[in-house]
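When a ligand or atom number is given, it counts from 1 through the structure's own listing order. Note that the numbering runs from 1 along the sequence shown for the chain.
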Amino acid sequence: MLTTLTSVLKHAEKHRYAVGAFNINNLETLQAIMDAAEAEHSPVILSTSEGAIDYAGMDELAALAHIAAKKTKLPVVFHLDHGKNYDLVVKAIKSGWYTSVMYDGSSLPLKENIRRTKKIVEMAHKKKISVEAELGAIAGIEDFISVEERDAHLTDPEQAREFVASTGCDALAVAVGTKHGAYKFKGESKLDYGRLKRIAEAVDVPLVLHGASGIPANIKRICTQYGCEISAAKGVSDAAVKKAVTLGVRKVNVDTDLRLAFDAGIRKFLKERPEVIDPREILKPAKELMTKVVRHKMKTLGSSGKG
Ligand code: G3H
Ligand code: 13P
Ligand code: ZN
């Protein structure tokens, strides 16, 4: 059942858990995520990035997501992830496919981010589409040379209050020390929990944690064993994600873990079964590993059984 981000996150807020937003690029990834959602009985957010739309097409990905949503009783949100291109966000709203869009104006000066986000919110709300916005630069804590530099880039709680009040956005992506991709930390996961708590107190919309892949050790081991060079990869620990959820995070974005699982499955299968040329056989273990990863994340977020 297709639904809005707002309605899914309202339930998550009431019951103090978070919903996973998983990126889709192809049929197999979509199937793996939906298999996990069914097995966990969890609500789910299917995200399409600008890159995914370039790769597979907006209509093509939307058609897959809509069919999947139609076939299940679970709440499914179809979401545009990191819409940095204003015109693409408008296109997504007008397409009639999306129940939620993210307008990402985080790289713009604050005033311009507010101005554009507000316009997107007005446009989207007329069509009952939810809007996620972003404030701050999503980068790992270790990326900043000084505390001053860190403070200038991570989300400021008072600015977040002003931003949400001025834009009317439905959810806010915050920068509290996570980072996109496989290389988030040199040592243990370090998030700025104090900042996260202050932001949650300052705003009355659900918070979103981007860059929340965990780089599971078992998946990393398979990738590495079969030739993928990612030895320095380090993700956000389950404990860190759980703590962020207790502090008010209600949407958690995961893409890299799916990429790793896909990669691990394919590399292992091709090495062990060099005689196979059927893509359906080659992609099957990749799909199964992705489902495992998504199920684990749903359990960590507390969304299992909430669908
Ligand atoms: O936040 C970024 C997601 O991992 C999507 O990545 O833009 O390469 O599709 P992408
Ligand atoms: P990861 O790179 O940690 O999977 O984050 C994905 C993300 O934030 C998508 O918006
Ligand atoms: Zn992101």
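Applying the 6.0 Å contact sphere to NZ of K179 captures more than 12 heavy atoms from other residues, nucleotides or ligands. More than 12 heavy atoms of other shown residues, nucleotides or ligands fall within 6.0 angstrom of atom CD in E272. Residue K118 qualifies as open at atom NZ: its count of foreign heavy atoms under 6.0 Å is 12 or below.
Take the N/O/S atoms of H210: the one nearest the Zn ion (ligand 3) is ND1.
With a 4.0 Å heavy-atom cut-off, ligand 2 is reached by the side chain of N23 but not by its N, CA, C or O. Residue contacts with ligand 2, taken as heavy atom pairs separated by less than 4.0 Å, do not involve S47 at all.
Heavy atoms of R259 approach ligand 1 to within less than 4.0 angstrom.
E38 and T72 share a side-chain donor-acceptor pair at under 3.5 Å. A donor-acceptor pair shorter than 3.5 Å can be found between the side chains of H296 and D238. With hydrogens and angles left out, the side-chain atoms of H125 and D170 include a donor and acceptor closer than 3.5 Å.
Contact detail for A139 and L154: the closest heavy-atom pair is O-CD2, 4.2 Å. What you find for E275 and R273 is that their closest heavy atoms are OE2-NE, 2.7 Å.
Listed by atom number, the atoms of ligand 1 under 4.0 Å from H82 heavy atoms are 1 (O). Taking every heavy atom of H82 and a limit of under 4.0 angstrom, the matching atoms of ligand 2 come to 10 (O). Under a 4.0 Å criterion applied to the non-hydrogen atoms of D255, ligand 1 contributes the atoms 3 (C), 4 (O), 5 (C), 6 (O). Counting the atoms of ligand 2 from 1 in the order shown, those under 4.0 Å from a heavy atom of D81 are 9 (C), 10 (O). Set against the non-hydrogen atoms of D255, the atoms of ligand 2 under 4.0 Å away are 1 (P), 4 (O), 6 (C). Atoms of ligand 2 found under 4.0 Å from any heavy atom of K184, numbered from 1 in the order shown, are 1 (P), 2 (O), 3 (O).
Given atom 9 (O) of ligand 1, the protein heavy atom at minimum distance is S49 OG, 2.6 Å. The closest protein non-hydrogen atom to atom 7 (C) of ligand 2 is H180 CD2, 3.3 Å. T256 OG1, 2.6 Å is the protein heavy atom nearest to atom 2 (O) of ligand 2.
Residue V254 has no N or O atom closer than 3.5 Å to an N or O atom of ligand 2. Between H210 and ligand 2, a contact under 3.5 Å exists for at least one N or O pair. Ligand 1 has no N or O atom lying under 3.5 Å from any N or O atom of N25, backbone or side chain.
Residue L289 forms a side-chain contact (heavy atoms from CB on, under 4.5 Å) with just one option from N218, I222, I266, L260, and that option is I222.
Put simply, the side chain of V19 does not reach to within 4.5 Å of the side chain of K251, judged on heavy atoms.
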